Amino acid sequence: MKIVFFGSDDLAKENLEALIASGQRVVACVTQPDRPKGRTLQLSSPLPKEFALKNNIEVFQPLDLKDKVFLERLRSFEADLFVVIAYGRILTDELLAIPKIFSINLHTSLLPQYRGAAPIQWAILNGEVQTGVSIIKMNAQLDEGDVIAQKIMTIDREENAVSLKEKMKNQSPPFLLDTIQNIERGEFCFMKQDHDKATFAPKLTKEMGRIDWTKEAHVIHNCIRGLVPWPNAYTYVESKMLKILQASVVEMEQLGGVPGEILAILKDGFIVRAGRGALLIKKVHLESSRLMDAKSFISGYKMKVGFRFR
RNA sequence: CGCGGGGUAGAGCAGCCCGGCAGCUCGUCAGGCUCAUAACCUGAAGGUCGACCGUUCAAAUCGGUCCCCCGCAA
């Protein structure tokens, strides 16, 4: 099939790669404009762009999706299908109407749950034990289109947003290819989403990462797991921000101390009291320093039992 | 010219302001104590103080140039 691909991140790039490898005719790739990135503010390209160019696929990075010239160029490909994965913008009806069959979107949740920008992270933040990927027929409303296929995936107890996304990068391409083949053969149906059951996964914010040590240990743990690699769960050591990148919930019967206090220092980390339960902190990243294991942090900064994080 | 922190033993840091013996916690190795141990005691190994240039009797420390890492902001 003739496909126009829309996507901007690493998950998109994996799927684009799989589409091309499978022999589908990807005729164009639409992605976000290059943006300044990093400390040096150097312009950087979305991952799918690089990949598309290497494969001699025409790349579009429109600022305005209603731009007449852009729309005309897209029409001129006479594509069968638009495939949209983490493109980062809502497509208009006019755009969605261009392909001969329709436009599909691969979304990283079991819709109607977790519509929006950060479904992977929110599933973990809420302590879900399963999530998945959905392929829907797109309409102009955000993640509301009819479901064509879904794949369920489990979330392990120690899974974090990075490892879960990695799983999806591995498992979504075959799922996407199968689904496209089914569409090609006409072997598919639409399942309406139950809009009453819809939940939302809005963009993450920096503030969400601030650890409230009076919360239950597993809630803080979900925050640590769900907010990597950005914005991360963090607390403060005096005036310096300390990101906590990896931890596990510790079952302890009797807890002394107050929330945020270091209760013990062990070989593989240190234990901090939460509102209920405690956490074994394993990996941290102190402001201005680099990522380090918790034991190194304790060694270098002379942390002692009884120290209290704020 | 966006703001800021940093590079010192295998890891993490102090020392720099005010130049004068290379330090701390952890790890490693050897030995001791112990019913035992991740605890405790004794000892040891391990360094181009990011690189180069300059100042000085003397530079981790002062001045200059460059390289690399990180946080914020975007």
Side-chain angles (χ1 to χ4, degrees), chain A residues 7-10 12 31-50 61-65 86-90 116-118 121 158 160-162 202-213 217 220 223-257 260-273 277-310:
Chain A
S8 300
D9 73 352
D10 50 338
T31 189
Q32 294 271 5
D34 292 1
R35 294 233 159 80
K37 209 180 161 188
R39 245 180 309 279
T40 54
L41 295 179
Q42 275 173 348
L43 225 51
S44 83
S45 308
L47 282 171
K49 176 183 174 180
E50 303 300 327
Q61 299 177 279
L63 287 169
D64 178 9
L65 293 180
Y87 173 52
R89 297 164 86 169
I90 295 177
Q121 292 91 334
E158 299 300 327
N160 66 30
V162 171
K203 266 191 198 170
L204 304 176
T205 65
K206 189 88 190 164
E207 293 74 48
M208 290 170 57
R210 178 67 189 267
I211 294 174
D212 177 355
W213 291 105
I220 298 173
C223 190
I224 293 167
R225 297 187 299 141
L227 297 180
V228 288
W230 189 91
N232 287 305
Y234 57 92
T235 186
Y236 284 91
V237 180
E238 280 141 26
S239 62
K240 282 194 172 179
M241 185 170 74
L242 181 74
K243 293 177 177 174
I244 296 182
L245 302 177
Q246 196 186 97
S248 57
V249 175
V250 179
E251 309 293 344
M252 290 177 92
E253 296 192 353
Q254 293 215 324
L255 291 169
E261 188 174 330
I262 296 181
L263 297 180
I265 292 170
L266 307 179
K267 201 172 178 72
D268 55 349
F270 57 96
I271 292 179
V272 179
R273 173 86 146 83
L279 288 158
L280 173 63
I281 310 298
K282 294 173 180 169
K283 281 196 177 127
V284 299
H285 189 162
L286 187 70
E287 181 179 331
S288 297
S289 185
R290 64 190 64 207
L291 188 155
M292 65 185 80
D293 58 75
K295 192 67 179 176
S296 293
F297 170 71
I298 292 292
S299 292
Y301 293 89
K302 302 183 171 51
M303 304 303 290
K304 296 205 171 67
V305 169
F307 181 87
R308 193 176 172 193
F309 293 104
R310 299 287 169 180

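Keep in mind that what you see is a predicted model, and the values were worked out from it rather than measured. As a basis for the values below, the full set of heavy atoms in this structure was taken, side chains included, without hydrogen atoms, waters or symmetry mates. So that the names make sense, note that chain A is the first sequence line, chain B the second, and so on, each numbered from 1.
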Undergrad: Can you tell me the pairing partner of B:G54 across any strand shown, Watson-Crick or G-U wobble, with both distances under 3.5 angstrom?
TA: B:C62

Undergrad: Does B:A39 have OP1 or OP2 sitting under 4.0 Å from an N or O in the side chain of A:Lys267?
TA: no

Undergrad: Among residues at least two apart in sequence or on other chains, which ones pass side-chain contact (heavy atoms from CB on, under 4.5 Å) with A:Leu291?
TA: A:Leu245, A:Lys283, A:His285

Undergrad: Determine yes or no for a side-chain-to-main-chain donor-acceptor pair under 3.5 angstrom, with A:Glu261 supplying the side chain and A:Phe307 the backbone.
TA: no

Undergrad: Where along residues 302-310 of chain A does a heavy atom come under 4.0 Å from RNA chain B, residue by residue in number order?
TA: A:Lys302

Undergrad: Within the pair A:Lys243 and B:C72, is there a side-chain N or O less than 4.0 Å away from OP1 or OP2?
TA: yes

Undergrad: Return the value, rounded to whole Å, for the distance between atom CG of A:Leu291 and atom P of B:G6.
TA: 19 Å

Undergrad: OP1 or OP2 of B:C13 less than 4.0 angstrom from a side-chain nitrogen or oxygen of A:Ser289, does that happen here?
TA: yes

Undergrad: Rounded to the nearest 0.5 Å, what separates atom OG1 in A:Thr235 from atom CD1 in A:Ile211?
TA: 5.5 Å

Undergrad: Report yes if at least one side-chain N or O of A:Tyr301 is closer than 4.0 Å to OP1 or OP2 of B:C13; otherwise report no.
TA: yes

Undergrad: Near RNA chain B, counting only heavy atoms under 4.0 Å, which residues of residues 292-299 of chain A show up?
TA: A:Met292, A:Ser296, A:Ser299

Undergrad: The criterion is ring-ring contact (aromatic ring centres under 6.0 Å, His included); which residues satisfy it with A:Tyr236, sequence neighbours excluded?
TA: none

Undergrad: For B:U42, which nucleotide is its Watson-Crick or G-U wobble mate, given both distances must be under 3.5 Å?
TA: B:A30

Undergrad: Can you list everything that forms a side-chain contact (heavy atoms from CB on, under 4.5 Å) with A:Lys240? Sequence neighbours excluded, please.
TA: A:Leu286, A:Glu287

Undergrad: Check side-chain contact (heavy atoms from CB on, under 4.5 Å) between A:Glu50 and all other residues, then give those that pass, not counting sequence neighbours.
TA: A:Ser45

